[in-house]
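Only one structure is covered here, and it is reproduced in the block below.
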Amino acid sequence: MVKDLQKKGYLYASERFADLINGVVCGGKEILRPSDLTEMDSQTGYVRASAGSGRRISQGKQRYRDLVKKAAFGVHFMVVGIENQEEVHYLMPLRCMSYDAAEYERQAAAVKRQIRRRSDINSAEFLSGFAKDSRLHPCVTLVLYYGENWDGAENLHSILDFTDIPGELREKVNDYRIYVCEVRRFEKTDVFQTDLKQVFDCIRYADNPEKLYELITSDPVYQELDEETYDVIAEHIKTVELLQVKEYSQEGGKVNMCGAIAELIQQGRMEGLSQGIEQGIEQGVKALIEICIEYNGTRETAQKQLMEKLQLSPESAQGYIERYWH
């Protein structure tokens with residue numbers, strides 16, 4: 001539940017929402033701008049109310065998307081939805097289809113209200129609540145999957161049983177395709193212009209502590225992360241302690257993830273990542289000290305580099321120098 005709320009809040013920002021669609025769907029091409037997006041109610045269910053025996057009877061089912069925004073293209077627009085999934089949902093094609101269908105129902109209901117107000121309405125328009133030249137706005141849903149491997153269906157036909165159904169009939173059954181982005185397998189993160197790159201990269205290496213530590217310490221962006229970005233990363237790499245020490249590495253609304261990790265290591269509280277990160281630190285420390293020795297550097301220079309590059313405290317840096325300087 002915490003992860004769901006964090007992802008919704010994180011992606012709610014129009015800058016990230018647009019960047020996600022541009023990066024994942026459009027291959028990095030800037031099709032959407034943040035200013036093109038407007039908020040929409042996440043409730044997409046279409047509820048019909050009718051009177052019967054003096055009572056109002058509701059029919060239909062209300063549904064709630066994780067995130068949905070209206071994307072403007074000139075005077076026209078389309079509806080873009082995002083669904084966050086931690087685990088595989090084997091009925092995802094049906095679920096997404098129902099979301100999109102409910103959105104079209106909502107739009108059709110709005111058109112119907114306009115049609116019924118006209119004085120020149122004909123019988124066909126009255127019957128359908130839709131004119132011959134009426135149009136609905138297109139809708140698409142992107143599924144963001146944060147798990148290990150998506151082995152679920154990606155179209156409606158994959159969950160239908162066509163056994164013994166003649167081909168002539170089968171080909172008449174309409175299909176419905178969904179679009180799944182597997183975050184842990186998304187490697188081309190350079191397409192992102194926001195800190196989505198850092199979030200996707202950290203999730204991708206969440207189970208590889210050494211690679212994750214190398215990633216965090218080599219990119220200066222991790223020294224000034226937005227708080228909500230830091231929180232999403234901390235939850236996904238399964239290190240609750242990162243959230244607990246955030247305040248020690250926070251300044252001006254930004255969080256230094258390198259500093260937070262260093263703080264945990266010094267306190268001996270790192271869980272899950274500690275072993276791999278400590279191994280990575282040892283390797284990095286030894287390499288840096290050896291370079292200083294090779295180029296006739298001083299112990300003071302080495303200590304300063306360890307503090308700046310690896311976010312170590314003066315005491316920790318001095319301890320490593322005593323251990324490896326020879």
Side-chain angles (χ1 to χ4, degrees), residues 4 8 11-12 14 17-18 20-22 24-26 31-33 36-51 56-85 89-118 120-145 152-160 169-181:
D4 288 342
K8 290 177 184 179
L11 293 173
Y12 186 80
S14 292
F17 194 104
L20 178 68
I21 301 303
N22 289 335
V24 173
V25 180
C26 307
I31 300 297
L32 275 180
R33 296 170 300 178
D36 296 330
L37 298 169
T38 54
E39 300 175 14
M40 289 187 67
D41 191 342
S42 62
Q43 178 180 318
T44 59
Y46 177 54
V47 180
R48 297 181 178 88
S50 59
R56 291 179 63 82
I57 303 173
S58 295
Q59 299 175 338
K61 184 178 181 180
Q62 294 176 322
R63 296 182 180 274
Y64 293 86
R65 291 180 180 271
D66 284 347
L67 281 167
V68 61
K69 288 181 181 284
K70 182 189 296 185
F73 298 95
V75 297
H76 301 285
F77 70 87
M78 73 178 296
V79 176
V80 182
I82 295 174
E83 290 301 308
N84 295 303
Q85 285 296 126
H89 192 307
Y90 291 117
L91 275 179
M92 205 66 198
L94 182 59
R95 179 176 166 185
C96 288
M97 185 173 69
S98 67
Y99 285 149
D100 292 348
E103 169 57 29
Y104 289 130
E105 288 263 24
R106 186 192 65 79
Q107 293 183 33
V111 172
K112 182 177 181 179
R113 289 192 294 270
Q114 295 176 349
I115 292 292
R116 291 287 175 84
R117 295 193 190 104
R118 286 171 36 186
D120 60 343
I121 187 172
N122 60 42
S123 60
E125 292 171 339
F126 182 84
L127 177 65
S128 59
F130 207 75
K132 182 178 180 179
D133 59 353
S134 295
R135 293 293 182 270
L136 303 178
H137 299 284
C139 179
V140 66
T141 300
L142 172 66
V143 179
L144 282 183
Y145 176 59
E154 296 190 26
N155 57 67
L156 181 63
H157 276 196
S158 295
I159 59 174
L160 300 182
L169 292 177
R170 175 175 177 169
E171 65 182 21
K172 298 298 187 294
V173 178
N174 289 328
D175 201 359
Y176 178 87
R177 178 184 174 186
I178 64 172
Y179 303 92
V180 180
C181 171

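Note that the structure is predicted; figures quoted are calculated from it, not measured. For the single chain, residues carry numbers from 1 onward in sequence order.
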Write down the atom of [X], the atom of [Y], and the distance for their closest heavy-atom approach.
{"X": "I82", "Y": "F17", "value": "CD1-CE1, 3.4 Å"}
{"X": "A18", "Y": "R33", "value": "CB-C, 4.1 Å"}
{"X": "L136", "Y": "A108", "value": "CD2-N, 3.8 Å"}
{"X": "C139", "Y": "Y104", "value": "N-OH, 3.0 Å"}
{"X": "L67", "Y": "Y12", "value": "CD2-CD1, 3.8 Å"}
{"X": "L142", "Y": "C181", "value": "CD1-CB, 4.3 Å"}

Look at the side chain of [X] and the backbone N and O of [Y], then say whether any donor-acceptor pair between them is shorter than 3.5 Å.
{"X": "S158", "Y": "E154", "value": "no"}
{"X": "N84", "Y": "L144", "value": "no"}
{"X": "Y90", "Y": "I159", "value": "no"}

Check this for me: does any side-chain nitrogen of one of E103 and R65 sit under 4.0 Å from a carboxylate oxygen of the other?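 Between R65 and E103 there is no salt bridge, as every charged N stays at least 4.0 Å from the carboxylate O atoms.
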Side chains of R95 and E83: closer than 4.5 Å at any heavy-atom pair? yes
Flag the pair V140 / Y179 as yes when at least one side-chain heavy-atom distance between them is below 4.5 Å, and no otherwise.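 Yes, at least one pair of side-chain atoms sits under 4.5 Å.
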Among all residues two or more places apart in sequence or in another chain, which pass the ring pair (Phe, Tyr, Trp, His ring centres under 6.0 Å) test with Y145?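 With neighbours one apart ignored, the set is W150.
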Which residues share a side-chain contact (heavy atoms from CB on, under 4.5 Å) with A71, sequence neighbours left out: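 Result, side-chain contact (heavy atoms from CB on, under 4.5 Å) vs A71: L32, L37, F73, M78, V80.
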Trace of the side-chain contact (heavy atoms from CB on, under 4.5 Å) decision for V79 with V68: CA-CA 7 Å; V79 176; V68 61; 3.4 Å; yes
In R135, K112, H137, the residue satisfying side-chain contact (heavy atoms from CB on, under 4.5 Å) with Q107 is H137
Sole candidate of N155, V173, L94, D175 that passes side-chain contact (heavy atoms from CB on, under 4.5 Å) when paired with L160: V173
Answer yes or no: does atom CZ of R118 have more than 12 heavy-atom neighbours from other residues, nucleotides or ligands under 6.0 Å? yes
Does Y176 have more than 12 heavy atoms from other residues, nucleotides or ligands lying within 6.0 Å of its OH? yes
Name all residues meeting the side chain to side chain donor-acceptor pair (under 3.5 Å) criterion together with R116; count only those two or more places apart in sequence or in a different chain, and write none if there are none.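 Expected list: none.
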CD1 of I178 to CE of M97: how many Å apart, nearest 0.5 Å?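 Going from the CD1 atom of I178 to the CE atom of M97 covers 11.0 Å.
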Value rounded to 0.5 Å, distance of NZ in K69 from CG in L11: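 It is 10.0 Å, given to the nearest 0.5 Å.
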